[in-house]
Amino acid sequence: MAIILDGNKLSQQIRSELKLELENLIGHQKPPKLSVILVGDDAASSVYVRNKEKACNDVGILTETFRMPSDSNQKEILAQVNTLNNDLNVDGILVQLPLPSHVDEIEVINTIDPSKDVDGIHPFNLGQLVQGSPIFVPCTPLGIQQILLRNDIETRGKRVVICGRSNIVGKPVASLLSQRGVGADATVTICHSRTDNLPNITSNADILIAAIGQANFIDGNMVKPGSTVIDVGINRMDDPTKKRGYRLVGDVDYESVIEKVYAITPVPGGVGPMTITMLLNNTLKSWMKSNHLPGNVA
Ligand code: GUN
């Protein structure tokens, strides 16, 4: 039976470490603060943002969310980002993605002050990552690396296959795990919707990272026996037996994979909570940098 990589438990542990770190460092400075911009009323995004607010409160990070109507225009959104860029009380800025389709998402991301880009998605921070001198690493990739590190799953010399090429998960996690160093040094392959003969590639992976956004896409025939599977997917599936009318499933068909693998992250309760925990990590890191405080964060 596979090891279940419990992201809730690991998150709790790291959040108490971050809380302690903050308590030890805080003197007369203003406390760290994360500002979130949420445009529109996408149900899943609203849930994520509420979870982020709660997590900040738990570790002592101040937080505020700017909820903007779904028909906000480009200029209004950029103005809000610039207000936060110029606010000395703000250490971290997160623009919840996806933005409505009429918005130029790239321009919004490129407007965030890189020194407050705790999501690690500004080209400056992505460039630093690719260069091998990361400052803010995107939260999901960093969370995945922490899951592997803290469960003693070796990456050095291992074959990592990533399904998905998004700017926020697939591309940065490939950079992170192929870097030199502890928790990295992997041989990485990125697959996507145009990849020929996908099962041939995934079934050679020592570590398979599924970030496709399609429910139950990876089944037992696509994984290598004894491998580790990291499921980044969060998909809603209709389920009349649930009060909400749906349940959350990953990109991996958990039941068909679990008998075969060494370890797997569940959905929910795997990568999801770790993404939020790394957002707290990065916000604390930003605050430490601007206050010239030493510290022990990822
Ligand atoms: N939407 C889903 N995940 C994320 C994330 O990590 N950051 C942002 N900004 N938006 C998201």
query: Between the side chain of Trp287 and the main-chain N/O of Leu22, is any donor-acceptor distance below 3.5 Å?
result: no
message: Testing the basics here: between Leu10 and Gln146, what is the closest heavy-atom pair and its distance to 0.1 Å?
response: CD2-O, 4.1 Å
- prompt: Do Thr195 side-chain atoms and Leu198 backbone N/O form a donor-acceptor pair below 3.5 Å?
  reply: no
task: Report the C-alpha separation of Thr265 and Val229 in whole Å, then their side-chain angles, then the decisive distance to 0.1 Å, and conclude whether the side-chain contact (heavy atoms from CB on, under 4.5 Å) test is met.
output: CA-CA 7 Å; Thr265 60; Val229 175; 6.0 Å; no
field: Worked check of side-chain contact (heavy atoms from CB on, under 4.5 Å) between Met237 and Tyr246
entry: CA-CA 5 Å; Met237 197 169 247; Tyr246 67 88; 5.9 Å; no
- prompt: Under the side-chain contact (heavy atoms from CB on, under 4.5 Å) criterion, do Thr140 and Val232 qualify, and how do the steps go?
  reply: CA-CA 8 Å; Thr140 300; Val232 181; 3.8 Å; yes
message: Return the CE to CG distance between Met278 and Leu142, rounded to the nearest 0.5 Å.
response: 5.5 Å
query: Is Lys260 salt-bridged to Glu255, cutoff N-O under 4.0 Å?
result: no
query: How far apart are the closest heavy atoms of Gly220 and Val257, and which atoms are they?
result: N-CG2, 3.7 Å
- request: Report yes if the side chains of Leu94 and Ile112 come closer than 4.5 Å at any heavy-atom pair, otherwise no.
  value: no
field: Main-chain N/O of Asp253 paired with Ser256 side-chain donor or acceptor, under 3.5 Å
entry: yes
- prompt: How about Lys242 and Pro240: do any of their side-chain heavy atoms sit closer than 4.5 Å?
  reply: no
- request: For residues Thr63 and Lys52, determine if any side-chain heavy atom of one lies less than 4.5 Å from a side-chain heavy atom of the other.
  value: no
field: Test item: side-chain donor near acceptor, Asn8 and Ser11, under 3.5 Å
entry: no
field: Contact check, side chains of Glu64 and Val36, non-hydrogen atoms, under 4.5 Å
entry: no
- prompt: Is the backbone N or O of Ile121 less than 3.5 Å from a side-chain atom of Asp119, with the two atoms forming a donor-acceptor pair by type?
  reply: no
query: Are more than 12 heavy atoms from other residues, nucleotides or ligands located less than 6.0 Å from atom NZ of Lys54?
result: no
task: Evaluate the side-chain contact (heavy atoms from CB on, under 4.5 Å) criterion for residues Lys224 and Asp206: first the C-alpha distance (whole Å), next the side-chain angles of each, then the deciding distance (0.1 Å), finally the verdict.
output: CA-CA 7 Å; Lys224 177 175 160 179; Asp206 299 310; 2.7 Å; yes
N/O donor-acceptor pair under 3.5 Å between Ser175 side chain and Val130 backbone: no
query: Short question: side chain of Asp87, backbone of Thr83 - any donor-acceptor pair under 3.5 Å?
result: no
Verify same cluster id: Val267, Val261 (apolar side-chain graph, 4.5 Å): no
- prompt: Ile61, Met288: one ILVMFWY side-chain cluster at the under-4.5 Å cut-off?
  reply: yes
message: Is a donor from one side chain sitting under 3.5 angstrom from an acceptor on the other, for Asp251 and Asn235?
response: yes
message: Check whether Ser203 reaches the backbone of Pro199 with its side chain - one donor and one acceptor, N or O, closer than 3.5 Å.
response: yes
query: For Glu17 and Gln13, does a side-chain donor sit closer than 3.5 Å to a side-chain acceptor?
result: yes
- prompt: Quick one: are Val182 and Leu149 in side-chain contact, heavy atoms under 4.5 Å?
  reply: yes
field: Distance-only polar pair, side chains of Thr277 and Arg15, donor-acceptor under 3.5 Å
entry: yes
- prompt: What closest approach, in Å, do Ile93 and Val90 show between heavy atoms, and which atom pair accounts for it?
  reply: CG1-CG1, 4.0 Å
Any donor-acceptor pair under 3.5 Å from Asp113 side chain to Ser115 backbone: yes
query: With a 4.0 Å cut-off, would you call Asp185 and Lys158 a salt bridge?
result: no
query: Linking I/L/V/M/F/W/Y whenever any side-chain heavy atoms sit under 4.5 Å apart, do Ile109 and Val173 land together?
result: yes
message: Distance check, rounded to the nearest 0.5 Å: Leu99 atom CG versus Glu105 atom CD?
response: 5.0 Å
query: Counting N and O atoms only, with roles assigned by atom type, does the side chain of Gln96 sit under 3.5 Å from a partner on the main chain of Ser45, one being a donor and the other an acceptor?
result: no
- request: Have a look at Cys139 and tell me which of Thr275, Ile168, Val271 forms a side chain to side chain contact (heavy atoms under 4.5 Å, CB included) with it.
  value: Thr275
message: Between Asn281 (side chain only) and Ala298 (backbone N and O only), is there a donor and an acceptor less than 3.5 Å apart?
response: yes
query: Which atoms form the tightest heavy-atom contact between His102 and Ser70, and what is the distance?
result: CE1-O, 3.0 Å
task: Supply the atom-to-atom distance Tyr254 OH to Ile4 CD1, rounded to the nearest 0.5 angstrom.
output: 3.0 Å
- request: For the residue pair Leu34 and Leu62, establish whether any side-chain heavy-atom pair is separated by less than 4.5 Å.
  value: no
- request: Using a 4.5 Å cut-off on heavy atoms from C-beta on, say whether the side chain of Leu176 contacts that of Val137.
  value: yes
Distance (rounded to the nearest 0.5 Å) between Asp231 CG and Leu208 CG: 9.0 Å
message: Atom CG of residue position Asp196 - does it have more than 12 heavy atoms of other residues, nucleotides or ligands inside 6.0 Å?
response: no
field: NE2-CZ distance between His192 and Arg165, expressed to the nearest 0.5 angstrom
entry: 4.0 Å
- prompt: Atom CG of Asp117 and atom CG of Leu126: how far apart are they, to the nearest 0.5 Å?
  reply: 7.5 Å
message: Do Leu84 and Ile37 make a side-chain contact, defined as non-hydrogen atoms from C-beta onward lying under 4.5 Å apart?
response: yes
statement: Between Ser227 and Ala205, the two heavy atoms sitting closest are CB-O, 3.3 Å
message: Taking side chain to side chain contact (heavy atoms under 4.5 Å, CB included) as the criterion, tell me which of Ile190, Ile218, Ile209 meets it with Cys163.
response: Ile218
field: Nearest heavy-atom neighbours spanning Lys116 and Asn86
entry: NZ-N, 4.4 Å
- prompt: Heavy-atom count around Arg150 CZ within 6.0 Å, excluding the residue itself: above 12?
  reply: yes
